[in-house]
Every structure is written in C-alpha cells, then in structure tokens.
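Accompanying notes for the structure given below.
What you see is a predicted model, and the numbers here were worked out from it, not measured in a lab. Numbers here are sequence positions counted from 1.
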Amino acid sequence: MGYQFSCNRTYLRYDLCTIDGSTVLDPTTSTFFTMDPTSPVHVEKIRPYPRKYEDYIMGQIKELNLVSGPSSPQCTIRHEAPAIVFSAGGYTGNLFHAFNDGLIPLFITASSFYPDGDFIIVVSEFHDWWQSKYAEILKVLSKHPIVALEKDNATHCFPSATLGLIAHGFMTIDPTLIPTSKTLTHFRDLLEKAYTQNPILPSPPLDPKPERRPRLVLTCRGNDVSSRRILNQDEVIQVMKEIGFDVIVFQPNRYTSLSEAYAMLNSSHVMVGVHGAALTHALFLRPRSVFMQVVPIGTEWAADAFYGRIANGLNVNYLEYKIRVEESSLMEKYGKDNVLLKDPSAVQKKGWPTEIMDIYLKQQNVKLDLVRFRKSLKSAYLMAKKFMHKER
C-alpha cells in the first residue's frame, strides 16, 4: 500500500523512517500523523537513536509513533521547513556519546537529506543542559528554534520529516555514503564556524616567546573519577616541560564550556591524554597538530576505533603510547601473569561484556614509565615544531 511514510530497518546501527508528505506532530503523544483517506490505519514505531545493536540502552529510548489514516489532528503551528527527529536520551550525558551518537549522525543525516541546511530539529527526551552545552553547534546546523517534544503541547505541521539518525560507525563520516561527499573535516569546519562567531580568546601562552615553545594540553580525568588517572602526573608534567613544551592541564567536567575548550585546543599544538571521553575534544585540534593517546591495557581496539579515527579523519598527527603491564595498576590486583594483562585480546575474543570492560575502564590507573614516555614526547615535540614552522 502507498503509505506516505516508510521505515528502513535493515541497518545495523539505526532505523530510519521518512515521511514524504505533510505530517502533523502531536507532541503530547509523540505521534506523527499523515492523512490517507483511502487506506486503513497503519502504525509504525521507532526509537530514533543510533545504537540499535545495544539492547540495554535502546530499551531506555522513548518510542515515537507514525500513524497513517483517514484523520489527523488540526495544525496549530505550521512550519515551512522539514523536520529531523531524534532522541537526546541514552548515553548523551557523556561527551563522546553526545558527538558519536548525536551530533555527528545529525550532521550526516542533514547532509544526506537537507544539504541546504534548511530543516527543523525535533528532539525527544530533550534536556535544557543539552541545548545549553551544544547551543553553538545546534545553531549552525539549523537556524530554526528546536521543537522539544516533552516541553510542547501544540500540534506542529511539517512538509516532510525524517525520524532517526544515520550513523556510519564510531567517530566516522564515510563520504561515499553521502550524496554531498561530506567528511569529518567538513564537520570540523562546522565546529570552527560554531565557535569562532563569538571567539573566546585563549589564555596568553605561559612562555613570553610562544613561537619557541609548542603548547601542549594535557587532558586529565577529574577528581571525581577514580580510574584511568595518571598516578605520576606531576613527574610527567615536569618531563613535558623539560622537553620544551608549555603545558596546560585541562580537566574537563560536564559543565566545561565547549567554546573555551575549543579556543584552547584550536590554539594548541599537542594534546595528550589517557583513553576516555575527554579525548573527544581532539575534534577541536587543527589539522597537522599532534594528538597522543595513552592506551591502558585492554583498551586497544576502543582507542583506535574511537579516537584514532578522529585523528585520521582530521589529518592530525597521531601517536599512541601503549602502556606495558608494569605501568598498569591492574598488575597489583591481578598479577602480571594473569591473562587479563598478558593477553587482553584473548579475553575479548567473545566481545566486550560489561564485567570485562569494567575491569579495564573502571579499575585501571596508569603510572607512566618516564624514560619510555619521554621518547614518545620527543617525537611529539618534533612534530609540533614542524607544525609551528608551517604555521608562520
């Protein structure tokens, strides 16, 4: 039957429903109605969040309804632009997930369906803090006010709508899958536009001759986090300074202004940090700057899939410092001959169950071997100096 909407459920990461004609949204029931006087009532449901493969979190995502039938509610507010509809629930409170499951898929979906940028963002499970934290990006993506389902009781008419977000993989944009051939670099351009309209000037360099000392941002975990901390951080900072860096310690939390973070990283030459959500800030690095990820035991695949891809996608010089067993706090708990430390890949052959993931992510801190780490920092320093030379 020729319904006005169709849903594609063949993708691994997401479902996608498209409404090709006019539709009325009743936010009080989270339902999109289309008129079809000739056919019986037809209903589809969608959870518009691109982690379809993860049952636990998808069970917490609100279901939206699409109804085709002979009647439809009256329209209170009429929009000229189409809608992109998605959920800001799930893991969105985590910076990595806010970008990986939200903003990057939104950019892909908008580039695929509405390359002119004229669309309205409709959000399920809307939070004021979410709009506030990502306001600059959302305003560059769409010039229209956001429609928040839970905060609205007026019916809205749209000429068409897309429900769900297209995701290409972790921190990835595949230009061959987008009609306009967009890449992660284009997304970085959007971030630049968002955060340089009202630029916050970076703090002055610590060195009076900044051209001689590359600026290194050490991204570290907050005091409220008990894992993946650098236990000998003071000594590490001392080594960084000895090599010739100006060091800024960046300890982001959920209230950190992305405008200020962008200004700091966009004017830096090197970013160093232990694997974790805070490394999502690497999206703010300039091409040809340097990004070094400290990779704890057992996080190798995630380090590459999440943050290695940012570096590759943005043409950033990427270094990995993979810690040895002796540098992991897990050695004290499990012993250096335990398979968890000797052969993490064998433990993870059947996937990344929560109980294994929690050992590597929630129980592990690092104490860096200063001699070995110094060698990696020297490589980063040479790359940074080269970058600075081209910068002039």
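K139 NZ: 12 or fewer foreign heavy atoms inside a 6.0 Å radius. More than 12 heavy atoms of other residues, nucleotides or ligands sit less than 6.0 Å from atom CD of E242. Within 6.0 Å of atom CZ in R254, 12 or fewer heavy atoms from other residues, nucleotides or ligands are found, so the atom counts as exposed in its surroundings. Sparse packing is recorded around NZ of K386, with 12 or fewer heavy atoms of other residues, nucleotides or ligands lying under 6.0 Å away. Atom NZ of K322 has 12 or fewer neighbouring heavy atoms from other residues, nucleotides or ligands inside a 6.0 Å radius.
Using bins of under 30°, 30° to 60° and over 60° for the plane-to-plane angle, the ring pair Y11/Y14 lands in the parallel bin. Using the six-membered ring where Trp is involved, W301 and F170 have ring planes that are tilted, between 30° and 60° apart.
Note on D101 versus R51: salt bridge recorded, some NZ/NE/NH1/NH2 to OD/OE distance being below 4.0 Å. Taking a cutoff of 4.0 Å between a charged side-chain nitrogen and a carboxylate oxygen, K143 and D118 qualify as a salt bridge. A salt bridge links D128 to K151: one of the charged nitrogens lies within less than 4.0 Å of a carboxylate oxygen. Contact check on E326 versus R372 returns no salt bridge, with no Lys/Arg side-chain nitrogen under 4.0 Å from an Asp/Glu carboxylate oxygen.
Aromatic rings from F373 and Y321 are positioned such that their centres are separated by under 6.0 Å. Separation of the F32 and F5 ring centroids does not fall under the 6.0 Å cut-off. Between F250 and H281, the distance separating the two ring centers is shorter than 6.0 angstrom. For an aromatic pair to be called close, the ring centres must be under 6.0 Å apart, and F245 with Y381 satisfies this.
F113 and Y49 are members of different hydrophobic clusters when ILVMFWY side chains are connected at heavy-atom separations under 4.5 Å. Placement of F96 and M357 within a single hydrophobic cluster is found when ILVMFWY residues are connected by side-chain heavy-atom separations under 4.5 Å, directly or transitively. Clustering ILVMFWY residues whenever any of their side-chain heavy atoms sit less than 4.5 angstrom apart, transitively, puts I61 in a cluster other than the one holding L66.
A distance-only check finds a donor-acceptor pair linking the side chain of H168 to the backbone of D174 [under 3.5 Å]. No donor-acceptor distance shorter than 3.5 angstrom exists from the side chain of T18 to the backbone of D20, with no hydrogens or angles considered.
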**Item:** side chain to side chain contact (heavy atoms under 4.5 Å, CB included) between K52 and L12, worked out
**Value:** CA-CA 7 Å; K52 192 169 107 176; L12 168 70; over 6 Å; no
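Side chain to side chain, N312 and Y318 fail the donor-acceptor criterion of an N or O pair below 3.5 Å. At a cut-off of 3.5 Å, with distance as the only test, no side-chain donor of T92 or N94 sits close to an acceptor on the other residue. Looking only at atom types and distance, the side chain of E136 has no donor-acceptor partner in the side chain of Y262 under 3.5 Å away. Checked by atom type, the side-chain pair S328/Q364 shows a donor-acceptor distance below 3.5 Å.
The minimum heavy-atom distance between P50 and A167, with the atom names listed, is CB-CB, 3.9 Å. Taking every heavy atom of both residues into account, H275 and L361 meet most closely at CD2-CD2, 4.1 Å.
For C220, the disulfide (SG to SG under 2.5 Å) test picks out no residue, with sequence neighbours left out.
You'll find the side chain of T162 reaches within 4.5 Å of the side chain of L16, heavy atoms only. When side chains are defined from C-beta on, S289 does not count as touching M271, because their heavy atoms never get closer than 4.5 Å.
Only one option out of T256, N253, T280 pairs with L95 in a side-chain contact (heavy atoms from CB on, under 4.5 Å); it is T280.
Screening residues 78-87 for side-chain hydrogen bond (donor to acceptor under 3.5 Å, both in side chains), with sequence neighbours left out, gives H79-H156, S87-E125.
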